[in-house]
Visitor: 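I have a structure here, written as structure tokens, and I will follow up with some questions on it.
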2 protein chains.
Amino acid sequence: MTAKMREANGARARIEDVAEAAGVSIKTVSRVLNHEPNVRDETRQRVEQAVAELQYKPNLSARSLAGQRAYVIVLVYDNPSRNYLTEIQGGVLEACRARHFSLVLAPVDPDDRNYLPELVDLIDHSRADGVVLVPPLTDDARLLDALQERRLPFASISPRTPEGRFGVTLDERGAVRELMAHLIQLGHRRIGHIKGPPQHGAATWRHSGYREALKLADIPYDAALVVKGEFTFESGVEGARRLLDLPDPPTAIFAANDDMAAGVLRVAGERGLSVPRDLSVCGFDDTPLSRQIFPSLTTVRQPTNDMGRVATEELLKAIRDPESGDMVKMDYALQLRESTGPHRSRS
Amino acid sequence: MTAKMREANGARARIEDVAEAAGVSIKTVSRVLNHEPNVRDETRQRVEQAVAELQYKPNLSARSLAGQRAYVIVLVYDNPSRNYLTEIQGGVLEACRARHFSLVLAPVDPDDRNYLPELVDLIDHSRADGVVLVPPLTDDARLLDALQERRLPFASISPRTPEGRFGVTLDERGAVRELMAHLIQLGHRRIGHIKGPPQHGAATWRHSGYREALKLADIPYDAALVVKGEFTFESGVEGARRLLDLPDPPTAIFAANDDMAAGVLRVAGERGLSVPRDLSVCGFDDTPLSRQIFPSLTTVRQPTNDMGRVATEELLKAIRDPESGDMVKMDYALQLRESTGPHRSRS
DNA sequence: CTGTTAGCGCATTCAA
DNA sequence: TTGAATGCGCTAACAG
């Protein structure tokens with residue numbers, strides 16, 4: 001059966017049909033498709049024309065089978081923040097598409113202590129060429145061990161210990177120092193902090209930034225002004241209540257993420273406190289929530305989409321050449337909005 | 001090379017190795033793996049044991065190549081709501097996993113009028129067995145034509161015209177009637193509405209529900225109380241301003257989704273209106289935002305995750321048997337929260 | 001610079 | 001109820 005007949009039958013063109021149409025061997029077609037060298041320009045063009053005419057699309061299954069590579073990246077995540085994840089996923093997807101890799105999603109239940117067997121099974125089944133790890137899972141030693149054992153390259157997004165790994169980081173401590181400087185410059189000296197859970201690197205960095213900023217401004221650290229949170233709205237509500245019930249309550253509160261900051265705004269609303277007149281509030285992450293809430297939230301923006309994309313690009317580099325793959329430092333940006341204002345002494 | 005040697009080399013077990021270990025032919029192994037009939041129980045068990053011992057995982061590429069099917073579902077979406085999408089995607093993924101299909105994500109830029117060629121290219125490349133369509137794209141005639149032309153089965157989530165299609169629907173009109181009945185029962189008679197954009201079926205249904213509820217309560221429809229929105233926070237802000245600037249402003253506002261309702265709350269805040277004392281507000285969707293805002297939002301919950309899952313299950317049914325595939329009606333649930341309260345006449 | 005050949009691991013005829 | 005042989009469409013040595 002000729003290529004033309006196959007086409008009339010609704011069958012798809014194969015590499016063989018392209019070769020025939022272009023008057024070359026299939027190996028030459030393969031070279032053109034994979035951008036390999038050693039093809040004359042004129043030949044390359046003939047092949048490309050045949051590809052276009054026949055609407056040839058390579059069969060990915062055949063390619064994977066023959067090439068012993070699946071062209072698959074697995075994105076592993078247990079981060080409960082929908083917005084963060086969507087952005088990361090978008091960036092990862094862009095990078096995968098650009099290199100003709102497919103993306104396999106591997107959501108992990110953050111409450112499941114024994115998630116590893118099922119996850120590893122998924123990774124094995126998919127025959128992944130590489131993995132992208134999202135925090136806080138990006139710091140789970142058991143998972144890292146399992147990946148290393150399989151010699152599977154993995155990119156890390158905001159890992160706690162970036163040494164010897166590749167992916168992306170962001171200077172969260174520095175960002176918080178700037179955010180705090182903004183509050184301090186507004187006259188605040190009693191600044192409360194609602195921390196994140198200790199297993200998150202982010203919680204640690206943001207707390208350190210808080211302390212460093214106080215020290216830089218010669219404001220003594222007061223442990224009573226720091227309460228624990230879980231990065232959830234509800235824990236922000238609880239934390240805010242504890243802070244505002246203090247005998248000498250803070251005039252500003254830095255919540256370690258936007259969800260918790262929204263909780264603080266709620267408590268302020270309940271108590272008839274006007275923000276920022278009676279209380280300044282800021283968060284971290286610049287989720288859509290921070291703009292949709294009233295007053296809108298002063299916070300820090302991470303380039304989340306870019307972080308997903310860049311991490312994946314580094315991973316793809318490392319897949320091509322195991323020696324490569326860098327840890328790329330990304331930029332943050334303060335978002336000054338309505339929820340922070342000058343300190344007014346209570347009268 | 002024997003199976004044992006291969007294993008020692010770190011190579012993966014193949015179906016051939018399983019057959020050898022179980023003392024049967026590869027065809028028998030294939031039968032067991034694919035749950036085909038005509039295998040003796042004792043034989044089946046021997047095979048299953050060999051699979052477990054060798055940790056055999058079928059090579060999906062080889063299966064696809066030989067079986068002429070990719071086992072791929074494509075999820076096509078242009079809906080701008082992050083939360084909605086994440087939930088839908090989660091449900092779709094669950095259903096895919098359960099049947100060992102892989103999921104390919106196909107995000108579409110809602111502002112790109114000419115998205116079709118690229119999307120179709122992605123679908124063709126992936127050799128999809130079926131497609132899941134999210135609103136509002138689920139109603140795009142050009143896309144539906146392209147799919148039908150390819151004889152590709154597709155499941156529709158909340159399509160405008162469910163006739164002759166399969167997937168999931170939800171009685172949004174009924175939900176809005178109930179929501180409105182709640183407001184009316186609280187004493188409100190001047191109820192404003194901020195509509196969604198006309199290309200969304202949801203916008204139309206929610207507006208119809210609004211009108212029907214008024215009619216049922218013998219409240220005349222006042223076109224001045226209905227303003228256009230875009231399902232965005234900003235358009236909610238604008239709409240609320242228009243409504244509240246009316247000579248005789250509404251005492252309650254039903255925004256067609258939560259984001260716009262958040263915009264209404266913002267305007268209320270700006271103007272010193274207390275919600276719900278001076279103004280009742282409700283939305284639709286029950287996004288996390290509706291709980292994280294103050295006051296929390298009365299709204300309608302859709303089982304979004306389930307909708308994604310069930311739609312995909314129907315698709316998988318239709319892939320197995322083109323005659324099957326139903327339109328499943330899902331349940332909604334009113335969420336009565338803080339943003340609605342009794343009408344108080346202005347004094 | 002280009003072509004030939006031999007599998008990749010599985011499903012699927014058809015025969016037993 | 002089971003098995004042997006053929007090919008899915010492509011990559012990758014190796015030859016020219």
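Throughout, protein chains are lettered first and strands after them, A, B, ... in sequence-line order, and every chain is numbered starting at 1. Treat the numbers as computed from the prediction; the structure is a model and nothing was measured.
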Visitor: With a 4.0 Å limit, can you tell me whether A:S25 has a side-chain N or O closer than that to the phosphate oxygens OP1/OP2 of C:dT2?
Guide: no
Visitor: Any side-chain donor-acceptor pair under 3.5 Å between A:R165 and A:S156?
Guide: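 Yes, A:S156 and A:R165 have a side-chain donor paired with an acceptor closer than 3.5 Å.
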Visitor: Looking only at side-chain atoms of A:L65, point me to the closest of C:dG3, D:dT2, C:dG9.
Guide: C:dG9
Visitor: Given atom CD of A:E42 and atom C1' of C:dT2, what is their separation to the nearest angstrom?
Guide: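 Rounding to the nearest Å, CD of A:E42 and C1' of C:dT2 are 13 Å apart.
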Visitor: If you count heavy atoms of other groups shown closer than 6.0 angstrom to CD of B:E323, is the number above 12?
Guide: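 No, because the 6.0 Å sphere around CD of B:E323 holds 12 heavy atoms or fewer from other groups.
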Visitor: Will you find, in the side chains of B:Q89 and A:Q89, an N or O donor that is under 3.5 Å from an N or O acceptor?
Guide: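 Their side chains do contain a donor-acceptor pair, which is all the 3.5 Å distance test asks for.
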Visitor: Are more than 12 heavy atoms from other residues, nucleotides or ligands located less than 6.0 Å from atom CD of A:E36?
Guide: yes
Visitor: B:H100 has an atom NE2; how far is it from atom C1' of C:dC10, in whole Å?
Guide: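 Whole-Å distance recorded here is 16 Å.
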Visitor: Taking OP1 and OP2 of D:dG9, is either one under 4.0 Å from a side-chain nitrogen or oxygen of A:S61?
Guide: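 No, no such contact exists.
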Visitor: Closer than 4.0 angstrom, basic N to acidic O: yes or no for A:R142 and A:D145?
Guide: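 Between A:D145 and A:R142 there is no salt bridge, as every charged N stays at least 4.0 Å from the carboxylate O atoms.
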Visitor: Answer yes or no: are there more than 12 heavy-atom neighbours, outside B:R99 itself, under 6.0 Å from its atom CZ?
Guide: no
Visitor: Using a strict 4.0 Å threshold on nitrogen-to-oxygen distance, state whether B:R44 and B:E48 make a salt bridge.
Guide: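 Result for this pair is no, no salt bridge flagged.
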Visitor: Given the rule in the side-chain contact (heavy atoms from CB on, under 4.5 Å) test, do A:I73 and A:L316 qualify, once you have shown the distances and angles that lead to the verdict?
Guide: CA-CA 9 Å; A:I73 298 295; A:L316 294 171; 3.9 Å; yes
Visitor: Can you tell me how far P of C:dG3 sits from CD of A:E20, to the nearest Å?
Guide: 13 Å
Visitor: Over the length of the helix from C:dC1-D:dG16 to C:dA16-D:dT1, how much do the five-pair end axes diverge, rounded to 10 degrees?
Guide: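 The angle separating the two end axes equals 20°.
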Visitor: Indicate for each nucleotide in nucleotides 10-16 of chain D, in 5' to 3' sequence, whether protein heavy atoms under 4.0 Å reach the base (B), only the sugar-phosphate (S), or nothing (-).
Guide: BSBB---
Visitor: I need the CZ-P distance between A:R69 and C:dG7, as an integer number of Å.
Guide: 22 Å
